[in-house]
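Proteins come first, then strands; the chains are lettered A, B, ... in the order of their sequence lines, and each starts at number 1. Worth knowing before you read on, the calculation uses all heavy atoms, side chains too, and leaves out hydrogens, waters and symmetry mates.
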Amino acid sequence: MSSAREDILDAVRRAAGREPLDSPASAALDARIITPVRHLRPAFDEDLTVRFIRKLESRSGTVARVADRAQIPAVVETFRSAHGLAPRAAVGAGLKDLDWPADWTIHYNRAGIEETLSVTPAFAGIAETGTLMLLASPDSPTTHNFVPDNQVVVLETARILRHFEDAWAALRERTGGMPRAVNLVSGPSRTADIEQTIQLGAHGPRRLHVVLVD
Amino acid sequence: MDIRSHEFQPRAVAALRDTSLQQALDKARDGFVAKRAVQVAELSEFEALREAAKTLKDHVLDHLDHYLERYEAAVVAAGGHVHWARDDAEARRIILDICRRVDARTVTKGKSMVSEEIGLNTALIDAGLTLVETDLGEYIIQLAGEAPSHIIAPAVHKTREQVSDLFEQAHGGPRLTEIADLVDAARLALRERYFQADVGITGGNFLIAETGSSLIVTNEGNGDLTQTLARVHIVTAGIERVVPTLDDATLFLRLLARSATGQETETYTTLSTGPKRAADLDGPEEYHVILVDNGRSRMLAGPFREMLRCIRCGACMNHCPVYGAIGGHAYGWVYPGPMGSVLTPLIKGLNAAYDLPNACTLNGRCASVCPVKIPLPDLLRRLRHEQFKQSITPRRKRRALAVWHLLATRPKLYHALERLAARALAAIGARAGRIRRLPGARGWTDGRDLPAPSGRTFLERWQAERGQS
Ligand code: SF4
């Protein structure tokens, strides 16, 4: 019996009325993968940071701006106390160097089932839709983005890019290739599965707070 | 999932009489349409993007073998596994084998229409596994023991009261009635399940040849919890889901969220590439992709090829007057509405779903909103034609068509009969202005009145009015 793989590929080729592609034809398609075709992108004039904030807030995200990294713990503390959260957090190891309050319980591991707050660095922001791009790594575990009720994401203002395509280009330039997971996050978790009524915090975070570091 | 499309007529009638269903459909209908319209109006590039997406998808379909091979190679390079399944049975077998090999007990599942298509749930449960649907809508219908009635809003047919009842039965009291409380209850019930899961199954909106990634979009984050916390992540996707690059996927994403839920973007878009890396703190230990053919390569060869452009946004059903009146269950299988009326006969056979291509008024709204410009009414008409050719069309209807043919090719006779009918109907309905009951046309008059004609045919009036001018 021939393999399913061969059967399916053969059927696809029969449908196209041809044999497997010859090498020039293959090479042409591979070139199209290496140098992606540039598609039409939504045009806008708005300042990238202004747009990023506006779009993210339109989907119930919140934003705080700070002048330098050292102020991040204070912003997280304000957020924490405003929402009455316990003084503990899962923090991405990429933010280990910060001066976290001494009376907090902090760990740099994956988020566990009881986690209420995570603080995680983002790789980039996308102004087009107000979207964060987070890359899975020991510095930014994926569970931080989905398990806790509250997530604070740290993003450098200079890392706000225009379109999704700009973020892909930045990914390609980065060493280490494609991360295991790329999470594009555009607000807190939501559902409209009961009577089309939007409700935040379906399974992922109820609150998403972004600290923009200028 | 067993197909019940042959029961379309009685199920449609039952749906029209189901007050809860009608209530739920009333709530949903306008929301989807209005939200999409706002997003489309805000993006001046929308029409141009539709055209570009159509062209791109056609390019992929022309070179599907190549892109599938490139995609496979990239998945393997990232440490993942690719499995090919010719049909539903083969896909089920592959997934069950993986579950057995890793000694799975609990399987969580994000929303995946392909898993419905291959009848995965029953197979997993029959194999003794605990299956937990994690998408809120899917969770609701799993509790109800039902199938999805919409491809992006699986529980759209349920009212809040019905959800309250289901949750009270499943979780115990007190009875919750606020939507926020119901969502919280589901959140709580599913939390431990994610952490217990041995295998997490998701769909794949796009498969990216450039990187070997599978891409999912969700608003809830359930798909991500499913695939991040389970020991093994299995992706189920149709072979037509592959796209060359991340940039190509973006073109579709811009259309998908706007067309589906009327949002600029869904909350979460996630690319998964292989299993957990050596230094990673989380993520699955194994990553598998099941590439499912199940009739797709056959579709690719024939006149229904354009259907393979479908990105499963659901806009066609949201804009369909028939779907809007009867909901998704009457269609009797996994895919409802216009796209389902094309796909179901193509996947399950023309015979199994005779009514579906015929339950359409050919009003064309579906095609006008489809983000990849699938000419759905043309495909439906073509299916009717195929049914006729294969003698699946019922004898009564074939006879009626033969009579019609006889008349339509004899204009004089046709107009004479038409004049007779117009006068007779006008006489019957003269007093009320409408006809309540008409022998031989009960299929129409049982559900609604027939407006009484004026007594003169269109042609007569045309000639009279032209004569005057
Ligand atoms: S046929 Fe078009 S409108 Fe319908 S689900 Fe598919 S892509 Fe969307």
Side-chain angles (χ1 to χ4, degrees), chain A residues 3-5 7-9 11-16 20-21 26 29-30 32-33 36-40 42-43 55 59 109-110 113 129 131 136-138 141-143 145-147 164-165 168 178-197 199 201-204, chain B residues 27-28 31 43 45 48-49 52 62-66 70 84-86 90 136-137 153 155 160 163 179-180 182-183 187 191 195 209-211 213 219-222 224-225 228 239 244-247 250-251 264-265 267-274 276-277 279-283 293 297 300-301:
Chain A
S3 77
R5 181 182 188 278
D7 280 357
I8 294 170
L9 288 173
V12 166
R13 286 177 191 129
R14 265 199 314 280
L21 293 170
S26 277
L29 293 178
D30 288 341
R32 195 195 175 290
I33 293 180
V37 172
R38 195 188 157 90
H39 296 297
L40 181 66
K55 290 287 179 185
R59 276 191 310 279
N109 213 320
R110 73 202 306 245
I113 193 164
T129 49
T131 299
S137 81
T142 309
T143 40
N145 308 335
F146 298 99
V147 175
F164 282 88
E165 287 87 342
W168 307 139
M178 195 69 179
R180 185 196 67 76
V182 176
N183 293 119
L184 297 156
V185 177
S186 307
S189 155
R190 60 171 62 205
T191 183
D193 272 348
I194 303 177
E195 294 191 341
Q196 276 62 57
T197 306
Q199 188 62 43
H203 296 282
Chain B
K27 284 218 167 99
L43 185 67
E45 292 88 352
L49 289 173
D62 285 341
H63 306 97
L64 194 56
D65 52 336
H66 182 84
R70 287 297 178 268
W84 303 70
R86 280 168 282 220
E90 192 163 27
L136 178 58
R160 185 201 314 196
V163 177
I179 292 178
L182 292 165
V183 172
R187 180 186 175 101
R191 205 114 275 250
F195 280 87
E210 174 189 1
T211 55
S213 315
N219 276 310
E220 300 181 2
N222 65 303
D224 289 282
L225 287 163
T228 308
I239 52 170
T245 64
L246 292 165
D247 293 46
T250 310
L251 172 59
E264 220 173 3
T265 171
T267 305
Y268 301 112
T269 300
T270 297
L271 290 147
S272 302
T273 314
K276 179 178 173 179
R277 310 277 161 86
D280 278 351
L281 302 171
D282 49 23
D293 182 339
S297 59
L300 195 60

Got a second to check how far [X]'s [atom1] is from [Y]'s [atom2], nearest 0.5 Å?
X: A:Glu165; Y: B:Thr245; atom1: CD; atom2: OG1; value: 9.0 Å
X: B:His63; Y: A:Leu21; atom1: NE2; atom2: CG; value: 6.0 Å
X: A:Thr131; Y: B:Glu264; atom1: OG1; atom2: CD; value: 8.0 Å
X: B:Asn222; Y: A:Phe146; atom1: CG; atom2: CZ; value: 10.0 Å
X: A:Asp7; Y: B:Trp84; atom1: CG; atom2: CH2; value: 11.5 Å
X: B:Arg160; Y: A:Ile194; atom1: CZ; atom2: CD1; value: 8.5 Å

Between chain A and each of [options], count heavy-atom pairs under 4.5 Å; write down the option with the most.
options: B:Thr211, B:Val163, B:Leu225; value: B:Leu225
options: B:Thr265, B:Leu246, B:Thr250, B:Ile179; value: B:Leu246
options: B:Val183, B:Leu182, B:Ile239; value: B:Val183
options: B:Leu251, B:Leu49, B:Asp224, B:Asp280; value: B:Asp224

Under 4.5 Å, counting heavy-atom pairs only, tell me which of [options] racks up the most with chain B.
options: A:Leu9, A:Val12, A:Ile113; result: A:Ile113
options: A:Arg38, A:Arg32, A:Lys55, A:Arg59; result: A:Arg32
options: A:Arg14, A:Arg5, A:Gln196; result: A:Arg5

Minimum heavy-atom separation for [X] and [Y], please, with both atom names.
X: B:Glu45; Y: A:Ala43; answer: OE2-N, 2.8 Å
X: A:Gln199; Y: B:Ala180; answer: NE2-CB, 3.3 Å
X: B:Ala48; Y: A:Leu40; answer: CB-CD2, 3.5 Å
X: B:Asp65; Y: A:Pro20; answer: OD2-CA, 4.5 Å
X: A:Met178; Y: B:Ser213; answer: CE-OG, 3.7 Å
X: B:Ala209; Y: A:Ile33; answer: CB-CD1, 4.1 Å

| query | Between B:Asp282 and A:Thr143, is there a donor-acceptor pair closer than 3.5 Å when you use the side chain of the first and the backbone of the second? | reply |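 Checked: pair present.
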| query | With distance as the sole test, does B:Tyr268 use its side chain to make a donor-acceptor pair with the main-chain N or O of A:Ser189 at under 3.5 Å? | reply |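 Confirmed, B:Tyr268 side chain pairs with A:Ser189 backbone.
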Portion of [X] that has a non-hydrogen atom of chain A nearer than 4.5 angstrom:
X: B:Thr270; answer: both
X: B:Phe195; answer: side chain
X: B:Leu136; answer: both
X: B:Asp62; answer: backbone
X: B:Leu64; answer: both
X: B:Arg70; answer: side chain

| message | If I measure from the heavy atoms of chain B, does A:Arg180 come under 4.5 Å with its side chain, its backbone, both, or neither? | response |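 Both the backbone and the side chain of A:Arg180 come within 4.5 Å of chain B.
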| For A:Ala181, is it the side chain, the backbone, both or neither that has a heavy atom under 4.5 Å from a heavy atom of chain B? |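 Answer is both: backbone and side chain atoms of A:Ala181 are under 4.5 Å from chain B.
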| query | For B:Thr228, which of A:Asn145, A:Val147, A:Thr142 qualifies under side chain to side chain contact (heavy atoms under 4.5 Å, CB included)? | reply |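 Among the candidates, only A:Thr142 passes.
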